[in-house]
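Take a look at the structure below.
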Amino acid sequence: MKKLLIIKLGGSVITYKDSPTPKARLDTIKRLAKEIAQIYQQNKYQLILVHGAGSFGHPIAKKYNLHQGMKTKQQELAFSLMDQQMIELNSIIIQALLKNNLPAISLPPRSFVQQSAGKFAGFDSQIIKNCLDQNQIPVLFGDGVLDDKWGCSIISGDTIVSYLAQKLHTHQVIFLSDVDGIYTSDPKTDQTAKLIPEISNKNFNKVIKGLTPTKRHDVTGEMQGKIISLQRGLKDVPVAIVNGLKAKTLQQVLMQASTGTKLLLN
Ligand code: ADP
Ligand code: IPE
């Protein structure tokens, strides 16, 4: 029996997240595709990949307030443009995976997820199970989705990861971000920040206080949003939050090396 791994490629890893216009980290994407292929070739794991939006989604969502709905003609067009940009980023990733002979299948969440006043209420995951049964690698992403109260809203890839990890029998979740893990405060602005090797129910409330917003155009709550969606959705599934900008981190996590932050909530 193969074990299910869910990997989130953070927007900060696959794009230049500070850029006001879409800009992909092509070399990093190519390297990660190679590393993912090495894992796949071991024949031990089934994989689900979820990627973030970075500069392909957040700046436009923030500029037109698409995380808070769609009322004007301008917002309708911006929603469509954001959709196009996400498809472009997804296509860059799928191409990199295909170059490494990985049978990746794109599943845009907007085509099967609907929210209500920005709130996520799940989706039918059968299509994802079917893909896995056919040895395909489903690739989902944080996306703009239709919303029955607001017109549209945004779903984070982090929410999708938590939901799928809880619904499917998941061996491990790995979040690749642009920092080494979760720190006592933002390591980019506080030199005294210390890496937290383990998060459990015991230290959760203390940890959450150190997760502060950055100056980026982010509409899904950044590191704090990530951890809160894990707390809401995920129990008894081991999670690792590690640095995807560093080579071979994925392999290190799977070899149980002490890297990044490990989180287990129950
Ligand atoms: P991703 O795009 O990889 O999903 P986010 O942009 O949502 O990740 O969050 C990563 C950012 O969170 C880091 O670049 C870091 O600056 C910021 N951050 C804020 N507080 C913390 C903290 N306590 N520990 C780690 N990162 C933090
Ligand atoms: C955000 O998804 C989706 C859009 C803004 C369209 P994520 O929340 O998963 O993206 P990152 O990882 O923070 O960039």
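Order of listing sets the numbers, starting from 1, for every ligand and every atom in it.
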Do you reckon Ile14 sits in the same ILVMFWY cluster as Leu107, going by side-chain contacts under 4.5 Å, direct or chained?
no

At less than 4.0 angstrom from any non-hydrogen atom of Ser177, what atoms of ligand 1 do you find?
1 (P), 3 (O), 8 (O), 10 (C)

Give the residue, atom name and distance (to 0.1 Å) of the protein heavy atom nearest atom 17 (C) of ligand 1.
Thr214 CG2, 3.7 Å

Indicate yes or no: does an N/O atom of Gly210 lie under 3.5 Å from an N/O atom of ligand 1?
yes

Under 4.0 Å from a heavy atom of Lys226: give me the atoms of ligand 1 that qualify, with their elements.
1 (P), 4 (O), 8 (O)

Side chain, backbone, both or neither: Lys188 near ligand 1, heavy atoms under 4.0 Å:
side chain

Do Leu230 and Phe141 share a hydrophobic cluster, counting only Ile, Leu, Val, Met, Phe, Trp and Tyr and linking them when any side-chain heavy atoms are less than 4.5 Å apart?
no

What residue and heavy atom of the protein are closest to atom 11 (C) of ligand 1, and at what distance?
Arg216 NH1, 4.0 Å

Under 4.0 Å to a heavy atom of Gly157 - the qualifying atoms of ligand 2, by number:
2 (O), 7 (P), 9 (O)

To which protein heavy atom is atom 9 (O) of ligand 1 closest, and what is the distance rounded to 0.1 Å?
Met223 N, 3.6 Å

Does a side chain donor of either Gln126 or Asn130 reach within less than 3.5 Å of an acceptor in the other side chain?
yes

Report yes or no: does Ser12 contribute a side-chain atom to a donor-acceptor pair with the main-chain N or O of Asp178 at less than 3.5 Å?
yes

Protein contact of atom 8 (O) of ligand 2 - nearest heavy atom, named by residue and atom, plus distance:
Thr220 OG1, 2.6 Å

Tell me which protein heavy atom sits closest to atom 11 (P) of ligand 2, plus the residue, atom name and distance to 0.1 Å.
His58 NE2, 3.4 Å

Report yes if Lys17 has an N/O atom closer than 3.5 Å to an N/O atom of ligand 1; otherwise report no.
yes

Considering Arg110, His51, Met223, Met82 one by one, which has a heavy atom nearer to atom 6 (C) of ligand 2 than any of the others?
Met82

Could you go through the side chain to side chain donor-acceptor pair (under 3.5 Å) check for Asp158 and Ser229 one step at a time?
CA-CA 7 Å; Asp158 301 338; Ser229 62; 5.1 Å; no

Suppose we measure from atom 3 (O) of ligand 1 to each protein heavy atom; which comes out shortest, and what is that distance?
Ser12 OG, 2.6 Å

Could you identify the single nearest non-hydrogen protein atom to atom 22 (C) of ligand 1 and state the distance to 0.1 Å?
Leu211 CD2, 3.6 Å

To which protein heavy atom is atom 10 (O) of ligand 2 closest, and what is the distance rounded to 0.1 Å?
Ala53 N, 3.0 Å

Element-labelled atoms of ligand 2 that are located less than 4.0 Å from some non-hydrogen atom of Ile154:
3 (C), 4 (C), 5 (C)

Is there a chain of hydrophobic side chains (I, L, V, M, F, W, Y, each step under 4.5 Å between heavy atoms) that links Tyr40 to Val139?
yes

More than 12 foreign heavy atoms under 6.0 Å from NZ of Lys206: is that the case here?
no

For the pair Gln84 and Ser80, evaluate side chain to side chain donor-acceptor pair (under 3.5 Å) and give the outcome as yes or no after the intermediate values.
CA-CA 6 Å; Gln84 170 57 31; Ser80 171; over 6 Å; no

Backbone or side-chain N or O of Asp186 under 3.5 Å from ligand 1 N or O
yes

For Asp178, the ligand 1 atoms with a heavy-atom partner under 4.0 Å come out as 10 (C), 13 (C), 14 (O)

Quick check on contacts: which atoms of ligand 1 are under 4.0 angstrom from a heavy atom of Tyr183?
22 (C), 23 (N), 24 (N), 25 (C)

Restricting to heavy atoms, the pick from Gly52, Ser177, Gly54 nearest atom 14 (O) of ligand 2 would be Gly54

Ligand 2 versus Lys8: contacting region, heavy-atom distance under 4.0 Å
side chain

Short version for Asp218: what comes under 4.0 Å of ligand 2, heavy atoms counted, is side chain

In the protein, which heavy atom is nearest to atom 2 (O) of ligand 2, and how far is it?
Gly142 CA, 3.4 Å

Closer than 4.0 Å to some heavy atom of Glu222 - which atoms of ligand 1 meet that?
7 (O)

Under-4.0 Å heavy-atom contact with ligand 2, by part of Lys17 that carries it
side chain

Need the ligand 1 atom indices (1-based, order shown) with element for anything under 4.0 Å from a heavy-atom of Lys8.
4 (O)

Contacting atoms of ligand 1, where contact means under 4.0 angstrom from a heavy atom of Ser185
22 (C), 23 (N)

List every atom of ligand 2 that sits less than 4.0 Å from any heavy atom of Gly57, numbering the atoms from 1 in the order shown and giving each element.
5 (C)

Look at ligand 1 and say whether Gly181 reaches it with a heavy atom at a distance under 4.0 Å.
yes

Pick from Thr212, Thr261, Ile14: the one approaching atom 20 (N) of ligand 1 most closely through a non-hydrogen atom
Thr212

